[in-house]
**Q** 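The structure's right below; bear with me while I get my questions together.
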Amino acid sequence: MASNEAERFALVTGANRGIGFEIARGLASSGFRVLAGVRSKEKAVLAAEDFATAKVGAKVVPVVLDIANAASIPERLGEIERAHGPIDILVNNAAILIDAPGGFSASLFEMTDDIFRRTWEVNVLGPAATMRALVPGMIARGYGRVVNMSSLAGQLSGMGAGFPAYRVSKAALNALTRIAAAEAAATQADVKINACSPGWVRTDMGGRNAPRSPAKGAETAVWLATLDWGGANGGFFEDKVQQPW
Ligand code: NAP
């Protein structure tokens with residue numbers, strides 16, 4: 001790693017547990033300084049302990065960032081950048097899956113506006129707001145990496161029934177990724193914006209029966225967050241292999 005890379009700050013949203021924790025740990029283990037987004041001061045204290053136990057505490061600073069209220073994000077990220085420095089790597093990992101009733105078997109025709117709205121706020125408006133707040137700075141500085149944690153559930157090419165609010169939100173996140181990547185590509189800056197699927201992962205969201213560990217689920221996101229100059233822009237990846245949208 002070049003010495004200037006070690007100085008880069010990465011922000012990972014929803015980093016106190018699950019895949020986000022492992023993305024933060026993976027980036028810190030690779031030498032990056034990591035801002036681990038958590039929802040409250042209490043969770044920041046607990047996350048600091050967990051990152052210390054994981055032996056990356058010196059590289060990780062928990063920061064309070066609730067992405068459910070997009071309107072508050074620019075000001076909050078401004079405070080965080082003034083306190084710590086410019087954010088060059090953004091991993092939009094935080095998300096919710098609240099489709100009900102029935103989870104996987106939830107019917108679009110029974111879905112409430114409330115579930116659609118809450119899912120949209122966290123899974124779409126939140127990442128849109130973090131990109132809007134941070135990507136212009138990345139372009140101005142000439143370097144940036146954005147990873148949007150999506151899901152195969154958001155693939156239009158494989159779209160089927162189940163989890164309607166979640167599927168719609170991840171399809172929208174994929175669209176945001178392509179639009180943002182196209183805008184970045186139109187500049188001279190080395191800014192790369194990609195989406196990825198972690199596979200089916202054993203977390204609170206994925207459940208106990210999922211075959212993958214959170215560390216495995218984090219691998220492609222860490223890879224995309226640390227792409228070299230010649231790396232991909234505007235793609236959708238699982239296991240570091242490009243997937244159809
Ligand atoms: P998880 O175990 O449910 O963890 C979600 C994380 O997001 C938690 O840290 C949670 O914080 C945070 N979060 C939720 N709402 C937030 C908000 N308003 N502001 C800030 N943080 C918030 O989920 P996961 O399985 O690790 O999933 C991580 C990502 O991978 C998500 O984007 C998910 O859609 C995607 N994914 C997961 C799977 C899977 O099989 N697990 C499959 C495909 C895609 P709290 O602790 O405060 O709730």
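Both ligands and their constituent atoms are indexed starting at 1 by order of listing. Residues take their numbers from the sequence shown, with the count starting at 1. From a predicted model like this one, the values you see are computed outputs, not experimental measurements.
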**Q** How does the hydrophobic cluster around L152 look, that is, which other residues are in it when side-chain heavy atoms under 4.5 Å mark a link?
**A** F236, W245
**Q** Before accepting this row, confirm whether a basic side-chain N of the pair R25/E22 lies closer than 4.0 Å to the acidic partner's carboxylate O.
**A** yes
**Q** Give me the nearest non-hydrogen protein atom to atom 24 (P) of ligand 1 as residue plus atom name, then the distance to 0.1 Å.
**A** T203 OG1, 3.6 Å
**Q** Among all protein heavy atoms, pick the one closest to atom 48 (O) of ligand 1 and tell me residue, atom and distance.
**A**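 Going atom by atom, the protein heavy atom closest to atom 48 (O) of ligand 1 ends up being R39 NH2, 2.6 Å.
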**Q** Show which atoms of ligand 1 fall inside a sub-4.0 Å distance from at least one heavy-atom site of S151.
**A**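 Selected atoms, number and element: 43 (C), 44 (C).
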**Q** Walk me through whether T203 and I19 qualify under side-chain contact (heavy atoms from CB on, under 4.5 Å).
**A** CA-CA 7 Å; T203 61; I19 299 166; 4.0 Å; yes
**Q** Please determine whether any non-hydrogen atom of L152 lies less than 4.0 Å from an atom of ligand 1.
**A** no
**Q** Using a 4.5 Å cut-off on heavy atoms from C-beta on, say whether the side chain of S213 contacts that of R202.
**A**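 Yes - at least one pair of side-chain heavy atoms lies under 4.5 Å apart.
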**Q** If you measure every N or O of G20 against every N or O of ligand 1, does any of those distances drop under 3.5 Å?
**A** no
**Q** Could you tell me, atom by atom, which parts of ligand 1 come under 4.0 Å of a heavy atom of W200?
**A** 40 (O)
**Q** Answer yes or no: is there an ion pair linking D239 with R212, defined by an N-O contact shorter than 4.0 Å?
**A** yes
**Q** Is there a heavy atom of G199 sitting under 4.0 angstrom from any atom of ligand 1?
**A** yes
**Q** Compare S169, S150, P214 and give the one whose heavy atom is closest to atom 44 (C) of ligand 1.
**A**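 Ranked by closest heavy atom to atom 44 (C) of ligand 1, first place is S150.
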**Q** Could you list which atoms of ligand 1 come closer than 4.0 Å to a heavy atom of L65?
**A**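 Numbered from 1, ligand 1 contributes 19 (N), 20 (C).
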**Q** More than 12 foreign heavy atoms under 6.0 Å from CZ of R117: is that the case here?
**A** no
**Q** Is it the side chain, the backbone, both or neither of M205 that has a heavy atom closer than 4.0 Å to ligand 1?
**A**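 Both of them.
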**Q** Could you identify the single nearest non-hydrogen protein atom to atom 35 (C) of ligand 1 and state the distance to 0.1 Å?
**A**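 Atom 35 (C) of ligand 1 sits closest to the protein heavy atom M149 CG, 3.7 Å.
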**Q** Given R145, which partner from the list D88, N194, D190, T226 fulfils the side chain to side chain donor-acceptor pair (under 3.5 Å) test?
**A**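 When D88, N194, D190, T226 are each tested with R145, the side chain to side chain donor-acceptor pair (under 3.5 Å) holds only for D190.
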**Q** Counting only heavy atoms, tell me which of T13, D66, I19 gets closest to atom 18 (N) of ligand 1.
**A** D66
**Q** Any N or O on G14 sitting closer than 3.5 Å to an N or O of ligand 1?
**A**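 Looking only at distances, the answer is yes, because the N/O contact criterion of under 3.5 Å is met.
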**Q** Quick check with a 6.0 Å cut-off and a 45 degree axis cone: is R8 positioned over the face of F32's six-membered ring?
**A**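 Relative to the ring axis of F32, which defines the angle, R8 lies outside at least one limit.
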**Q** For ligand 1, is G37 a contact, meaning one of its heavy atoms is under 4.0 Å away?
**A**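 It does not; every heavy atom stays at 4.0 Å or beyond.
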**Q** So which heavy atom in the protein is nearest atom 10 (C) of ligand 1, and how far is it from that ligand atom?
**A** R17 NH2, 3.7 Å
**Q** Looking only at protein heavy atoms, identify the closest one to atom 9 (O) of ligand 1 and say how far it is in Å.
**A** N16 OD1, 2.7 Å
**Q** Do any N or O atoms from the side chain of T13 and from the backbone of N93 form a donor-acceptor pair under 3.5 angstrom?
**A**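 Answer holds: yes.
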**Q** May I ask you to decide if P198's main-chain N or O and K216's side chain share a donor-acceptor pair within less than 3.5 Å?
**A**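 Looks like no, no N/O pair under 3.5 Å.
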**Q** Under a single-linkage rule joining Ile, Leu, Val, Met, Phe, Trp and Tyr whose side-chain heavy atoms are separated by less than 4.5 Å, which residues share a cluster with M159?
**A**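 Its cluster partners, ordered by chain and number, are L156.
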**Q** Looking only at N/O atoms, are G18 and ligand 1 under 3.5 Å apart anywhere?
**A**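 G18 vs ligand 1: no N/O contact under 3.5 Å.
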**Q** Report yes or no: does K170 have a heavy atom closer than 4.0 Å to ligand 1?
**A** yes
**Q** Of T177, V146, I73, I179, which meets side chain to side chain contact (heavy atoms under 4.5 Å, CB included) against M131?
**A**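 Testing M131 for a side chain to side chain contact (heavy atoms under 4.5 Å, CB included) against T177, V146, I73, I179 leaves exactly one candidate, V146.
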**Q** Are any of the N/O atoms in I96 less than 3.5 Å from those in ligand 1?
**A**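 Such a contact does not occur with ligand 1.
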**Q** Could you measure the distance from the CG atom of N148 to the CG atom of N174? Nearest 0.5 Å is fine.
**A**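 CG of N174 is found 8.5 Å from CG of N148.
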**Q** Atom 28 (C) of ligand 1: which protein heavy atom is closest, and how many Å away?
**A** N93 OD1, 3.2 Å
**Q** So, does Y166 sit close enough to ligand 1 that a heavy atom of it is under 4.0 Å from the ligand?
**A** yes
**Q** Before accepting this row, confirm whether a basic side-chain N of the pair E121/R118 lies closer than 4.0 Å to the acidic partner's carboxylate O.
**A**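 Salt bridge absent between E121 and R118.
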**Q** Using a 4.0 Å cutoff against the non-hydrogen atoms of A68, which atoms of ligand 1 qualify?
**A** 18 (N)
**Q** With a cut-off of 4.0 Å, which atoms of ligand 1 are near a heavy atom of D204?
**A**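 Within the 4.0 Å cut-off of D204, ligand 1 contributes 2 (O).
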**Q** Can you tell me which portion of K43 lies within the under-4.0 Å heavy-atom range of ligand 1? Options are side chain, backbone, both, or neither.
**A**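 Side chain only.
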**Q** Identify the protein heavy atom lying closest to atom 40 (O) of ligand 1, giving its residue, its atom name and the separation to 0.1 Å.
**A**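 Here the nearest protein heavy atom works out to V201 N, 2.7 Å.
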**Q** Considering only protein heavy atoms, which is closest to atom 13 (N) of ligand 1, and at what distance to one decimal place?
**A**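 Nearest neighbour among protein heavy atoms for atom 13 (N) of ligand 1, to 0.1 Å: A94 CB, 3.8 Å.
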**Q** Could you check if a side-chain atom of N16 sits within less than 4.5 angstrom of a side-chain atom of D50, using non-hydrogen atoms only?
**A** no
